2 protein chains.
Amino acid sequence: MATSVVTPFKHADHDHGHCVDDALAQAERQCRQRGVRLTPIRRRVLELIWNGHAPVKAYDLLDRLRAERRSAAPPTVYRALDFLLEEGLIHRIESLNAYIGCGSPAHPHVGQFLICEQCHAVAELDDNDVHRVLSAKAGELGFLVSSQTIEINGLCPLCRDPSPGTATGSASG
Amino acid sequence: MATSVVTPFKHADHDHGHCVDDALAQAERQCRQRGVRLTPIRRRVLELIWNGHAPVKAYDLLDRLRAERRSAAPPTVYRALDFLLEEGLIHRIESLNAYIGCGSPAHPHVGQFLICEQCHAVAELDDNDVHRVLSAKAGELGFLVSSQTIEINGLCPLCRDPSPGTATGSASG
DNA sequence: TTCCCTGTGCAACACTATAACATGCGAGTG
DNA sequence: CACTCGCATGTTATAGTGTTGCACAGGGAA
Ligand SMILES: [Zn+2]
Ligand SMILES: [Zn+2]
Ligand SMILES: [Zn+2]
Ligand SMILES: [Zn+2]
């Protein structure tokens, strides 16, 4: 009955280089195994998304891409996003029109997201109890569940009870 | 522990005139009580949304409004939608960029939606068990919930097991 | 009357996403 | 080697969604 946490809230001083390196290494491995191509553009977009633990908007990605690659245009970033979504390497946050890295891309799933309204940090769950209760309630109405969008807004632990000296204005570490 | 159903899936032959009349009468009453103005535009937008039990897009509303009121423009419909959302008379479906009437506007709440991928019918729940399990899981991570977006996709009873002669291509009745 | 508040009209714009077609480029094949 | 097939990218344009800013109208309060 334990909550299955895919991506927890990170402490401000965690080693974020590891988050990014791990995510990219895992993506490389997974794409190689599946015989799909993590091209430079796709890899770079994934890296930009993983720069923080907060959702990133498509046109922000585009701005950053254009700084390095003059030819970048909306299709450039949307194609990369489509690929990454397809491969389960990122998720889309519907209520924000934004995208965030998946902490467990190896097995396909739809995440459940906790979104901090103050610092914009996001934690991802993939919790069976949640799936179960929703499927049960849906089943009572004769509804057959195929996918879920679950996005919870509120305050993360740091913003809820900030300790002195703790930064709360950003999730980019 | 019963599921609290705000708006169930409707049978194809239900008396939809009642749905609309009840919703408008309830809205009139509620706005009068609160001292806010259900102006003709706002009332008409609410009526257009209630024309079916499926989500309606803002620019579809705009098209229909413009047919009756040449001056209608995007702000016309978005202002009406803002008002109706504020008063709890409608909900926004984030995953569809669309809006649907609320079956229980009297007390403020965030709905949980079951969305049929085939006929686009929507049922609304406001279920305490769902709230409870999500709040509990969030609480385990120290997260304080303030609002939720819960949108479940799948097949409604009619589309899941269509009987002969039963229409399944529309939710507009 | 004058003032103020709210709702609406109107024009332009910002943001999000897709369509359609051209180009490049590398893997396989004869 | 030439050939071509498939996929990724480049390029331009357009569709879809939502907001800003300011002007104007009406009704109630001072
Ligand atoms: Zn990190
Ligand atoms: Zn926070
Ligand atoms: Zn009805
Ligand atoms: Zn259906």
Side-chain angles (χ1 to χ4, degrees), chain A residues 27-28 30-32 34-49 54-87 89-100 120 149 151, chain B residues 27-28 31-49 54-87 89-100 120 149 151:
Chain A
E28 298 270 20
Q30 181 171 312
C31 288
R32 206 176 317 118
R34 295 185 184 176
V36 297
R37 294 165 56 194
L38 188 65
T39 63
I41 290 180
R42 291 165 177 176
R43 191 191 143 95
R44 182 61 179 138
V45 168
L46 181 59
E47 189 179 12
L48 288 171
I49 291 173
V56 186
K57 315 213 99 192
Y59 275 68
D60 289 344
L61 290 170
L62 178 55
D63 288 343
R64 296 184 219 173
L65 265 191
R66 287 177 73 91
E68 324 169 341
R69 179 182 284 260
R70 225 175 48 82
S71 68
T76 313
V77 61
Y78 281 105
R79 284 167 181 156
L81 290 171
D82 285 347
F83 172 86
L84 297 170
L85 287 167
E86 190 79 18
E87 297 301 321
L89 296 166
I90 61 173
H91 293 288
R92 178 180 156 84
I93 307 293
E94 299 289 347
S95 59
L96 297 174
N97 294 336
Y99 305 84
I100 192 162
H120 306 119
T149 298
E151 297 167 8
Chain B
E28 298 270 20
C31 289
R32 206 175 317 117
Q33 280 173 7
R34 295 185 184 176
V36 296
R37 293 165 56 194
L38 188 64
T39 63
I41 290 179
R42 293 166 175 175
R43 190 191 144 96
R44 182 61 179 137
V45 168
L46 181 60
E47 189 179 13
L48 288 171
I49 291 174
V56 187
K57 317 213 97 189
Y59 275 67
D60 289 344
L61 290 169
L62 178 55
D63 288 343
R64 296 183 217 172
L65 264 191
R66 288 177 72 90
E68 325 170 338
R69 179 183 284 259
R70 224 175 49 80
S71 68
T76 313
V77 60
Y78 280 106
R79 285 166 180 157
L81 290 171
D82 285 347
F83 172 86
L84 297 170
L85 287 166
E86 189 78 19
E87 297 300 322
L89 295 166
I90 62 173
H91 294 288
R92 177 179 158 85
I93 308 292
E94 299 288 348
S95 58
L96 298 175
N97 294 336
Y99 305 83
I100 191 162
H120 306 118
T149 297
E151 296 166 10

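Everything quoted here is computed from the prediction, not taken from an experiment.
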| query | From the list dT16(C), dC22(D), dG18(D), which nucleotide is the closest neighbour of the side chain of N97(B)? | reply |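 That would be dG18(D).
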| request: Taking all non-hydrogen atoms of both residues into account, name the closest pair between E94(A) and E151(A) and its distance. | output: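 The pair with the smallest heavy-atom distance is N-OE2, 2.7 Å.
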| task | Could you check how far CZ of F83(B) sits from P of dT19(D), rounded to whole Å? | result | 18 Å
Contacts under 3.5 angstrom, residues 69-87 of chain A side chains, donor-acceptor by atom type, not counting sequence neighbours:
unit_1: T76(A); atom_1: OG1; unit_2: A73(A); atom_2: N; d: 2.9
unit_1: T76(A); atom_1: OG1; unit_2: A73(A); atom_2: O; d: 3.1
unit_1: E87(A); atom_1: OE1; unit_2: R34(A); atom_2: NH1; d: 2.8

| said: Once rounded to the nearest 0.5 Å, what's the spacing between atom CZ of R64(A) and atom CZ of R44(A)? | reply: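 Output value for this atom pair is 9.0 Å.
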| said: If the cut-off is 4.0 Å, is K57(B) near the phosphate of dG16(D), judged by side-chain N/O to OP1 or OP2? | reply: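 For K57(B), the contact criterion (side-chain N or O under 4.0 Å from OP1 or OP2 of dG16(D)) is not met.
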| message | How close do V56(A) and L48(A) get, counting heavy atoms only, and between which atoms? | response |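 Taking V56(A) first and L48(A) second, the nearest heavy atoms are CG2-O, 4.4 Å.
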| Which distance, rounded to the nearest 0.5 Å, do you find between the CG of L96(A) and the NZ of K57(A)? | 7.0 Å
| Any R92(A) side-chain nitrogen or oxygen under 4.0 Å from OP1 or OP2 of dA17(C) |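 For R92(A), the contact criterion (side-chain N or O under 4.0 Å from OP1 or OP2 of dA17(C)) is met.
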| So what does R37(A) touch, heavy atoms closer than 4.0 Å: a base, only the sugar-phosphate, or nothing? |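 It contacts sugar-phosphate atoms only.
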| note | What one should report as the nearest heavy-atom pair of C31(A) and L38(A) is SG-CB, 4.0 Å
| What is the distance from CG of L65(A) to P of dT9(D), rounded to the nearest Å? |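 L65(A) atom CG is separated from dT9(D) atom P by 11 Å.
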| field | Smallest separation among heavy atoms of P55(B) and I100(B), with atom names | value | N-CD1, 4.0 Å
| request: Starting at the 5' end of nucleotides 24-30 of chain D, put B wherever the base has a protein heavy atom under 4.0 Å, S where only the sugar-phosphate does, and a dash everywhere else. | output: -------
| Is there a donor and acceptor pair, one atom on the side chain of R42(B) and one on the base of dG7(C), closer than 3.5 Å? | no
| Rounded to the nearest Å, what distance is computed from the CG atom of residue L62(B) to the P atom of nucleotide dA15(D)? |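 In whole Å, dA15(D) P lies 16 Å from L62(B) CG.
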| message | Determine whether a donor-acceptor pair (one donor, one acceptor, N or O, separation below 3.5 Å) exists between the side chain of Y59(A) and the base of dA17(C). | response | yes
| request: Would you kindly give the CZ-to-P distance between R43(A) and dT9(D), to the nearest whole Å? | output: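 Whole-Å distance recorded here is 14 Å.
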| request: Report which part of the nucleic acid Y99(A) touches: base, sugar-phosphate, or nothing (heavy-atom distance under 4.0 Å, all strands). | output: sugar-phosphate
| query | How many Å lie between CD on E94(A) and P on dT17(D), as a whole number? | reply |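 In whole Å, dT17(D) P and E94(A) CD are 13 Å from each other.
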| task | Starting at atom CG of L61(A), determine the distance to atom P of dC15(C), rounded to an integer number of angstrom. | result | 15 Å
| Measuring from L46(A):CG to I41(A):CD1, what's the distance to the nearest 0.5 Å? | 13.5 Å
| note | So, with a heavy-atom separation below 4.0 Å from DNA chain C, the residues of residues 66-78 of chain A are P74(A), P75(A), Y78(A)
| field | Separation of atom CG in L84(A) from atom P in dA8(D), rounded to whole Å | value | 12 Å
| field | Spacing of R79(A) atom CZ relative to dT11(D) atom P, expressed in whole Å | value |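 The distance from CZ of R79(A) to P of dT11(D) comes to 11 Å, rounded to the nearest Å.
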